[in-house]
Amino acid sequence: MSLARTRRTAPVCVLILSFCVIAGLARATAAPPTKPPVPAVAPIAAQPATTIAPIKAPPRGLPVITYRHVPGGFPADPGPADTAPITEGLHAIGKLALYDAPGGNPRAFLPPDIRGVEVTVPIVEREPGWVAVLLPSINRRIGWLPATGWSSRPLRDQIVVHLDRHELTWLHDGVRQESWTVATGSDRTPTPPGRTFVLGRTTTEGSVYAGLDALVLGAVPDDRDAVAPGLRDAHTGIHGWYSASAFGRSISNGCLRLPRDGQRTLLDHIGPGTPVVVLD
């Protein structure tokens, strides 16, 4: 390569070098790229405090629910035809005041037992600090209790009765176990519709009951004067019956008459507090 050719080439190299230096300086002095703004995060709103209705002290002389009597003033059951499983009941540790609403007026005492039988009542509604239960000795009424002073009882069984087809079905954990064709109340003394529960069991007298105990329900005749005088203070029950000719008919004083094997099955599996729903 000659010196002359090299000299002619030199300005080109210098130009290229100068361009590179200028480009490098431009990059070095250029403003750094801006980062996208970080979106603002809204503060977490504070949760409102739960308000629990206050408890009024029961007055002196407040009546106690008995096998025969419940004072007035209690609200209607909000779901008398609701067949959703009721899974929890309660047993009063001592005598507990029942209210007509959360924070409402006390109307009666719920006793821990009635006629020596422990009472378990199904829980059907809840509010903060309060529960509502089905009441014994009255139909389609509930009472409210503070969420203290009682022990919880699991309820896994349920009985559903369809009056129109004279059918009684036993469910366990919401699953049908068995059904039977039964006798129901007559037109004059109908089986009370709505939600109730098994209050307890009692012995029976006479061969017509198939020699088996009866399940006594919390329900009572809607028209006490319509039944025989000896039954006016009685509760509706589920019991065995000696004659198959009764099943599928509306002929009883309000009780549900079962075949012997059906009653024996219920006695083996159904305990106090079991919800019973009677549908028209």
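No side-chain donor-acceptor contact under 3.5 Å links Trp144 to the backbone of Gly104. Listed for the Tyr99 side chain is a donor-acceptor partner under 3.5 Å among the backbone atoms of Lys56. At distances below 3.5 Å, not a single donor-acceptor pair connects side-chain atoms of Asp280 with backbone N or O atoms of Leu163. No donor-acceptor pair under 3.5 Å is formed between the side chain of Asp173 and the backbone N or O of Val175. No side-chain donor-acceptor contact under 3.5 Å links Gln158 to the backbone of Val277. For the pair His166 (side chain) and Thr184 (backbone), a donor-acceptor distance under 3.5 Å is absent.
Looking at Phe197 and Leu155, their side chains never come closer than 4.5 Å, going by heavy atoms from C-beta outward. Counting heavy atoms from C-beta outward, Glu118 and Pro112 have side chains that stay 4.5 Å or more apart. Contact of the Val133 side chain with the Trp150 side chain is not registered, since no non-hydrogen atoms from C-beta on lie closer than 4.5 Å. With a 4.5 Å cut-off on side-chain heavy atoms, Leu279 and Val161 do not count as touching. Put simply, the side chain of Thr203 does not reach to within 4.5 Å of the side chain of Glu205, judged on heavy atoms. Side-chain contact between Arg140 and Arg195: absent, with no pair of heavy atoms (C-beta onward) separated by less than 4.5 Å. Within the 4.5 Å cutoff, side-chain heavy atoms of Phe247 are placed close to those of Trp241.
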Side chains of residues 186-193: which donor-acceptor partners sit under 3.5 Å, not counting sequence neighbours?
from, atom 1, to, atom 2, distance (Å)
Ser186, OG, Arg188, N, 3.4
Ser186, OG, Thr189, N, 3.1
Ser186, OG, Thr189, OG1, 2.9
Thr189, OG1, Ser252, O, 2.9
Thr191, OG1, Gly185, N, 2.9
Thr191, OG1, Gly254, O, 2.9

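Remark: Arg68 CZ is loosely packed, at most 12 non-hydrogen atoms of other residues, nucleotides or ligands lying under 6.0 Å away.
Between the CG atom of Leu134 and the OG1 atom of Thr196 there is a distance of 7.0 Å, given to the nearest 0.5 Å.
By the side-chain contact (heavy atoms from CB on, under 4.5 Å) test, Val117 pairs with no residue at all, sequence neighbours left out.
Nearest heavy atoms, His235 versus Leu217: ND1-O, 2.8 Å. Scanning both residues, Val131 and Ile123, for their nearest heavy atoms gives CB-CG2, 4.0 Å. Between Phe109 and Pro111, the shortest heavy-atom contact is O-CD, 3.5 Å.
Cation-pi geometry between Arg141 and Phe74 is not met at under 6.0 angstrom from the ring centre and within 45 degrees of the axis.
The aromatic rings of Trp170 and His269 sit tilted, their planes meeting at an angle between 30° and 60°.
Tyr209 and Leu199 are not part of a single hydrophobic cluster, where members link through side-chain heavy atoms under 4.5 Å apart.
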